[in-house]
Each structure stands twice: as C-alpha cells, then as structure tokens.
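Notes to accompany the following structure.
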Amino acid sequence: MKPKNILFVLPLLFSCLLFKPALAQVKKATIEKKWWKEAVVYQIYPRSFKDSNGDGVGDIKGIISKLDYIKSLGIDVVWLNPIYGSPNADNGYDISDYQAIMKEFGTMEDFDALLKGMHQRGLKLVMDLVVNHSSDEHKWFQESRKSRDNPYRDYYHWWPAEKGKPAFRPGAFEADGSGWRYDKTTDSYYLHYFNYKQPDLNWENPKVRQEIYTMMNWWFKKGIDGFRMDVIPFIAKDTTFPVITKEELDSKYEGRWDVYFASNPNLHNYLQEMNKELLSKYDIMSVAEGAGMLKSTALNFVDPERHELNMGYHFDGTNLGYVPGYFKKMNPNWSLVEFKKIYSDWDAVYDKKGWGTIYLGNHDQPRMTSRWGNDSPEFRDYSSKMLTTFLLSMKGTPYYYNGDEIGMTNAKFNKIEDYRDIETLAEYERLKNTGGDLKQFIEDQKTGGARDNGRTPFQWNDSKNGGFSTIEPWLKVNDNHVTLNAAAQEKDPNSVLNYFRKMVKLRKNNPVLIYGKYTLIDAKNPNIYAYTRELDGKKVLVMLNFRSKKAKLNTNINLKNAKLLIGNYTKSSNGLELKPYEAVVLAIK
Ligand code: NOJ
C-alpha cells in the first residue's frame, strides 16, 4: 500500500473500532430486502405443461386450468417461456410478433385471463424477453432483406458480399456452425448467432432500441411483473466483425465464444438506458440469462448502484462435467468438490452487493435428477428431494423448473426421430456430415445435454399421454409417467411433490434461508455438500449427500442441541454420517 493510502485508511480504522456497533448496523442494512429476493420462481414451459384443446401442444388455457396446483406449490413467481407469435423454429425463441400470442397457445384474451388468474392468487408473472434476435418472419426482417436501402435495413447486421466472406461467427443451431447466411436478394450475408431463422437485431440502431422499449412498456402496462432476458449479453457485439484467431480467443477470452462475441462495452449503456426509460418505472423484476457472464463481470449487471438489472444466472454450474470435445456429453464422475467451489465462489460474488440466483434445471438442460442426482428407481425420489433441499436452502433466488417438483427424469430417447429440438437435430446433422459416431451420440444424449430431456410433457397422471393431452403430444411423454406423476404424489404425504411444498414453506418461514450468510463446510469432502446459513443469531446447517453410498461429514460443529428442520428420509440420521442421497437441515447453536 502506498503511504498516501495509509494516511487515508488509518482514521477509518480508528473510527471502526470506536463505532463498531454502529458500523454493524450499517453493514446489516446493506442487504436491502426485496420481494424478488424472497421469491421462489417456478418456470413453466408452456408447450409441455398442459394441453387444453387436444392438439398435442400445451397452451395458455391449460396453464389456467392448473393455476390452483401452481398456487398450491407455495411459489411466488411464474416465469413463462416465450408465448409470442412465432413460426417455432426454436420453440418460440424466434419471435415474429412480440405483441401477439402464438396461435397454438391461444389468444390475447387467454393471456389476459391467465394474468388475472395469477394476480388473483397472489402470483406474479415474468415473461421471456427475446431481443438479441427476432424471427426471420418478423416484418422488420421481411422488410430489411428486401433492399439495401430499405428503412429497416439497419435493424439487422448485414455484410455485403462484395467485401468477401465475413469473418467466422458461430451459429449455434446450424449443422455447419456458421452464424452468417447468404441472402441472394441483396447479395449480402446476415448475422444469426443461433439458427438462420433467428437473425440478430442491431442494437446500435437507436430505432431498434426504441421499438423494443415501446414493446416492453406495452407488456408492463398490461401488468406483467418482469422479464427474463434471453442471452442478453449477446445484444452488444463488435460490429466491425474482426477476424479472431483461436490463439487470440484462448488467450484473451479463456477460449469462450460466448464472452468474445458478446458483452461489448455498449451492453451496459443499453441496459442503463433500458433501466432509465423503463425498468426503474415499475415494481418489476429483471433477470439476465447470463450467457458469457463471468464472476468478474457479474456485478456490472446487478450492482444496484449501476441501475441495470436485478439478477443474472450464470452457466458455470450447468456447464460442469461435460467431456471436452463432445457435444454436451456428461462425465458420470463429475467432481462434487468442483461443484461446491462453483456455487461457493458465485456466492462470494454477491457477498457485499448485488443478488444471485440458483438453478439446476430449465428448458435448456437435462433433468436435474438425472444429471446431478440418480434416476434409478431406488434413489430417484431421495436424490430429487436432496437437490430440492439444495435449491431452496441456498442464498440467491431459486429458479425451479416445472416437473422437477415431482422428480421428472430424462427422456432418454433411443432414436433421433423422437427428438424435436433444433439444437440436437443440428448437432446430429453435423456429426452425420463429418462421419461422427451417431450411435454414441444418441447414447450420450440420454445422460447429457439434449434439451428435449427437460421438455417432455408434464406427467399429471398415469393415463395415456400422462394426462397432458388427449392425443399423442408434440414430444413423447416419458414412459415412467405410469408410476411417476403428480396425481399419485398428491396422495402421498412423503412424495417428492409434498417435500417440495414443505421445503418452500421452510424457506419462507425462515429468513435465515433467504438472507443468511452462506459458509461452506468441509470443502474437500468428495461426497457431501454442507454449509451453514446465519442471520441475526440464527444458524442453520445443511448437509447433502450426493452419493449412492453412506458418507460422513468432517466438521467439529456441535450437533448436541441441533433441531431437525427437515430431512428427506422418514427417519433422518442424527449425526454426521448420512445415508445415500440424504438431505438434512438442522437449526444449530
Ligand atoms: C436461450 C434460450 O433459453 C434457448 O432456449 C434458446 O434456444 C436460445 N436462448 C436462443 O434464443
């Protein structure tokens, strides 16, 4: 430290000692209470939740018919995946009309009824905001591609062919991996980071930003309670599109495309503008899908003093355990020590300011029980409950995916014809074109990342099609619906479903589980994840066995006066040795 700084710090240290109690007060006051910090968010994938009109596709009326069930879970907020007008190349993440409802899902009247029904029950509704790209069938793009001087031309990113081929950019859902597509009409290429049917919008154009804010405002005026912002760091990119070599990428961006091709400095100007013009005017919540969000950059999004967003969700947790060089192939021996480190390091990011999120599954991930637990009949329920205990006892707002509350598992399809997801199909095509091992690919997807694993229809009961639809649905129902379904679990007080409800209640009734300080225990233990949460003199110990064999926690915490708050076995262990996939939450001194 330079001498000048020491002079500065000494009086501060001195006053700290003198006014310690006052300082403690100030420190306490720094965690500002907010409804979205206390909320449990339940994510509904509308296509797979409930079909009301027998066309094999979930819809808004279907969700309405299940509102009492949703309320009974004890959750506070529903995040709904896109329900806007869309030709469905990527299940609604390709929007052709931001102010309309997808025909398969119903009408705007249905939406209004849904919002009303939710608000009547004290539930909030968060919508998906997909504005890195639109559909190529959006009228903006239809105009944009007509001529080089069309008024909408600059709504998208175009590269005139006479300049030669543009530098490589990735197109995630393309068999050839390219994010540029040649368009004959104007002899130009356009940019799409996902599929060619999802052209990237040009955020550098102020008109585009104003169109988007106007549209968002329209939804806020309707009364929605927030937005989950799809790949929002991608909206700002270097639009000179320089060539980047693999070496440069590795040295400057840890080899991460999602960091390099996104998060241009303008990003935070856009988010601050959006906050000023819109978000700050409503009591709503905002959460970034933090693709390319790093521990070192996360606070740039959510430090309240920067006036941008409330929360973001990172990918470090869900990216763990994939075998390098393969498409989302899961290493069955993923490391729990690394898993704990990821969640602990991220907790530390928000130690002083900002607020985190916690999730293990969503519509882009395999089922949490299959991936982080154990979906064999012997351990499925125990491990589901254990993972639910984790999600609802960590610091940060939990985002809980529909179907996980009954312990749904991966689809494990045996043939490519059963898959519907554009990502899986593109990857299969790529492998086919390059002579890859297709049989192995299908095997890998059973435990690995195929997104359809998490998208199979909700298993309401044991009837044909799981009570989801009266006809064969758009994606096959998992065969295990005969024994694994909500109706059966409603009747069983010890079911996964009823455990979820208890765990939600426990979190709600114990602010220590929401705001309490998190401390990891026995970090190197390869089998058990354990931590304490502390707030206002209250202390809770959470112990989670992630293995199918007994395991012991190594700690000198005294359990003598410990009180059991919840456990996933009918009779919980009362020491530091845990049964397979056991979860125990104790109030301790
Ligand atoms: C992230 C969404 O969660 C995913 O489902 C979608 O395919 C991509 N963004 C593109 O919008």
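Ring geometry for Y343 against F390 counts as perpendicular: the plane angle is over 60°, on a 0 to 90° scale with 30° as the lower cut. The aromatic rings of Y518 and Y531 sit tilted relative to each other, their planes meeting at an angle between 30° and 60°. The aromatic rings of Y529 and F546 lie tilted to each other, with the angle between the two planes from 30° to 60°.
By the 6.0 Å and 45° rule, R371 stacks over the aromatic ring of Y322. W35 carries K124 over the face of its six-membered ring, with the cationic atom under 6.0 Å from the centre and within 45° of the normal. For the pair R547 and W334, the cation-pi criterion (under 6.0 Å, within 45° of the ring axis) is fulfilled. Under a cutoff of 6.0 Å and an axis angle of 45°, K579 and Y569 form a cation-pi pair. Because its NZ or CZ atom is not both nearer than 6.0 Å to the ring centre of W474 and within 45° of the ring axis, R420 does not count as a cation-pi partner of that residue.
Taking a cutoff of 4.0 Å between a charged side-chain nitrogen and a carboxylate oxygen, D258 and R256 qualify as a salt bridge.
Pairing each heavy atom of T409 with each of N480, the nearest pair is OG1-ND2, 2.9 Å. Closest approach of N478 to A411, counting heavy atoms only: ND2-CA, 3.9 Å. What you find for P398 and L392 is that their closest heavy atoms are CG-CD2, 3.8 Å. Taking each heavy atom of G312 and T357 in turn, the nearest pair found is O-OG1, 3.0 Å. Listed here is the closest heavy atom pair of D128 and Y93: OD2-OH, 2.7 Å. For the pair Y382 and N568, the tightest heavy-atom approach, listed with the atom from each and the gap, is O-ND2, 3.1 Å.
Considering only heavy atoms from C-beta on, D364 comes within 4.5 Å of R455 through its side chain. Under the 4.5 Å side-chain criterion, counting only non-hydrogen atoms from C-beta, Y359 is not in contact with Q43. Between R228 and Y313 the shortest side-chain heavy-atom distance falls below 4.5 Å. Residues L73 and L497 are in side-chain contact: their nearest non-hydrogen atoms beyond the backbone lie under 4.5 Å apart. Taking the side chain as every heavy atom from C-beta outward, K508 and D76 approach each other to under 4.5 Å. You'll find the side chain of F220 reaches within 4.5 Å of the side chain of F227, heavy atoms only. Counting heavy atoms from C-beta outward, I63 and K50 have side chains that stay 4.5 Å or more apart. Annotation: side chain of V540 is not in contact with side chain of N510 (no heavy-atom distance under 4.5 Å).
In this structure, Y428 has its ring center at least 6.0 angstrom away from the ring center of Y419. Ring to ring, Y193 and H133 are not that close: their centroids are 6.0 angstrom or more apart.
Counting non-hydrogen atoms of other residues, nucleotides and ligands closer than 6.0 Å to CG of D479 gives a total of 12 or fewer. Applying the 6.0 Å contact sphere to NZ of K329 captures more than 12 heavy atoms from other residues, nucleotides or ligands.
Residue D375 forms a side chain to side chain donor-acceptor pair (under 3.5 Å) with just one option from R367, R380, K412, and that option is K412. Considering L391, I358, V40, V287 as possible partners of Y399, the one that fulfils the side chain to side chain contact (heavy atoms under 4.5 Å, CB included) test is V287.
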Q. Could you go step by step and tell me if K34 and N310 meet the side chain to side chain contact (heavy atoms under 4.5 Å, CB included) rule?
A. CA-CA 10 Å; K34 292 278 182 198; N310 300 138; over 6 Å; no

Q: Apply ring pair (Phe, Tyr, Trp, His ring centres under 6.0 Å) to F458 and F468, showing your working.
A: CA-CA 6 Å; F458 196 101; F468 164 76; 9.1 Å; no

Q.
Apply salt bridge (Lys or Arg N to Asp or Glu O under 4.0 Å) to residues R451 and D421 and explain how you reach the verdict.
A. CA-CA 7 Å; R451 306 194 297 182; D421 181 26; 2.8 Å; yes

